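Here the structure is laid out as C-alpha cells; the discussion comes afterwards.
The first residue in the sequence is number 1, and the count goes up from there. Because the structure is predicted, anything quoted here is derived from the model rather than measured.
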Amino acid sequence: MGAKLQQHLHTGAQWALVAGFLFFPVFLALGNVAIALAAVLALLAGGWRQRRQQIGSTPLLWWALGLYGCVLLGVAYSPAPWTDMQVHLSKYGKLLVLPLFWPLLQEAHWRQRCANAFAAAMVFILLSVYASIWWQLPWS
C-alpha cells in the first residue's frame with residue numbers, strides 16, 4: 001500500500017473519530033457508525049510496527065485492558081441474568097478499541113478536535129434541555 005493512501009486512511013480514521021466524539025452523546029447509532037468507521041479505517045491504514053510501539057509504551061492502555069479483564073472476571077462468577085451481563089460487556093467493550101484509537105490521537109490538535117466535538121455535543125444537549133422548558137422540541 002502506498003504511503004499516500006496510508007496517510008489518507010489514517011486521516012480519515014482521525015476525522016471519523018472526531019465525528020464519533022460529536023455524535024456519540026447525541027445520536028448513539030450515528031456515533032457507533034462513526035466509531036466503527038474509524039476502527040475500519042485505522043485497521044486499513046496499517047503502520048503496525050510504529051503503532052505497536054506506541055501502544056506498548058502507554059500504561060494507560062494496559063490499565064484500560066485490565067479494567068475490561070475485571071469486567072470479564074465479574075461476568076464469570078456473576079449470578080446476574082445473561083442479558084444484564086451483555087449490557088456491561090458491550091458498554092465496557094469500548095475499552096477494547098482504545099489501543100486501536102490511541103495512535104490516532106498522538107497529535108495534540110486531533111485530541112483538541114475530539115474534545116471540541118464532544119464539548120459541542122454537550123452544549124447542544126444543555127441548550128436543548130433548557131429550551132425544552134419553553135418549547136416543544138422535535139427531538140425531546
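- With a 4.5 Å cut-off on side-chain heavy atoms, Leu65 and Leu98 do not count as touching.
- Nearest heavy atom pair, residue Gln6 against residue Gly46, reads NE2-C, 3.4 Å.
- Distance CD1/Ile133 to OG/Ser128: 11.5 Å, rounded to 0.5 Å.
- In this structure, CG on Leu37 lies 12.5 Å from CG on Asn32, to the nearest 0.5 angstrom.
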### Task
Tell me, with the steps shown, if Tyr130 and Ile125 meet side-chain contact (heavy atoms from CB on, under 4.5 Å).
CA-CA 9 Å; Tyr130 282 116; Ile125 290 171; over 6 Å; no
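- In this structure, Gln106 contributes its side chain and Trp102 its backbone to a donor-acceptor pair below 3.5 Å.
- Residues Gly20 and Pro25 come closest through the heavy atom pair O-CD, 4.4 Å.
- Linking Ile, Leu, Val, Met, Phe, Trp and Tyr residues whenever their side-chain heavy atoms come within less than 4.5 Å places Phe124 and Leu30 in a single cluster.
- Between the CE atom in Met85 and the OG atom in Ser90 there is a gap of 12.5 Å [rounded to 0.5 Å].
- With rounding to the nearest 0.5 Å, the separation of CG in Leu73 from OH in Tyr77 is 6.0 Å.
- Here Cys114 contributes atom SG and Leu17 contributes atom CG; the two are 4.5 Å apart, rounded to the nearest 0.5 Å.
- Using bins of under 30°, 30° to 60° and over 60° for the plane-to-plane angle, the ring pair Phe23/Phe27 lands in the tilted bin.
- Side-chain heavy atoms closer than 4.5 Å link hydrophobic residues (I, L, V, M, F, W, Y) into clusters, and following such links, possibly through other members, connects Trp82 to Val71.
- In this structure, Val18 and Leu22 have side chains that are not in contact, with every pair of non-hydrogen atoms separated by 4.5 Å or more.
- Here the side chains of Thr11 and Trp110 are in contact, with some heavy-atom distance below 4.5 Å.
- Results of the side-chain contact (heavy atoms from CB on, under 4.5 Å) test with Lys94 over Phe24, Phe101, Tyr68 single out Phe24 as the only residue that passes.
- In this structure a side-chain-to-backbone donor-acceptor pair under 3.5 Å is present from Ser78 to Ala80.
- By the 4.5 Å heavy-atom criterion applied to side chains, Tyr92 and Leu72 are not counted as neighbours.
- When the side chains of ILVMFWY residues are joined at heavy-atom separations under 4.5 Å, either directly or via intervening members, Leu61 and Leu67 end up in two distinct hydrophobic clusters.
- Proximity of Trp15 to Arg113: side-chain heavy atoms (C-beta onward) are separated by under 4.5 Å at one or more points.
- Transitive grouping of hydrophobic side chains (ILVMFWY, heavy atoms separated by less than 4.5 Å) keeps Leu95 and Val97 in distinct clusters.
- A heavy-atom distance below 4.5 Å is found between the side chains of Leu104 and His10.
- Here the shortest heavy-atom pairing between Ala13 and Ala42 reads CB-N, 3.6 Å.
- The minimum heavy-atom distance between Gln14 and Glu107, with the atom names listed, is NE2-OE2, 4.4 Å.
- Of all heavy-atom pairs between Ala131 and Leu137, the closest is CB-CD1, 3.9 Å.
- Following chains of ILVMFWY side-chain contacts shorter than 4.5 Å, one cannot reach Leu96 starting from Ile35, and the two form parts of different hydrophobic clusters.
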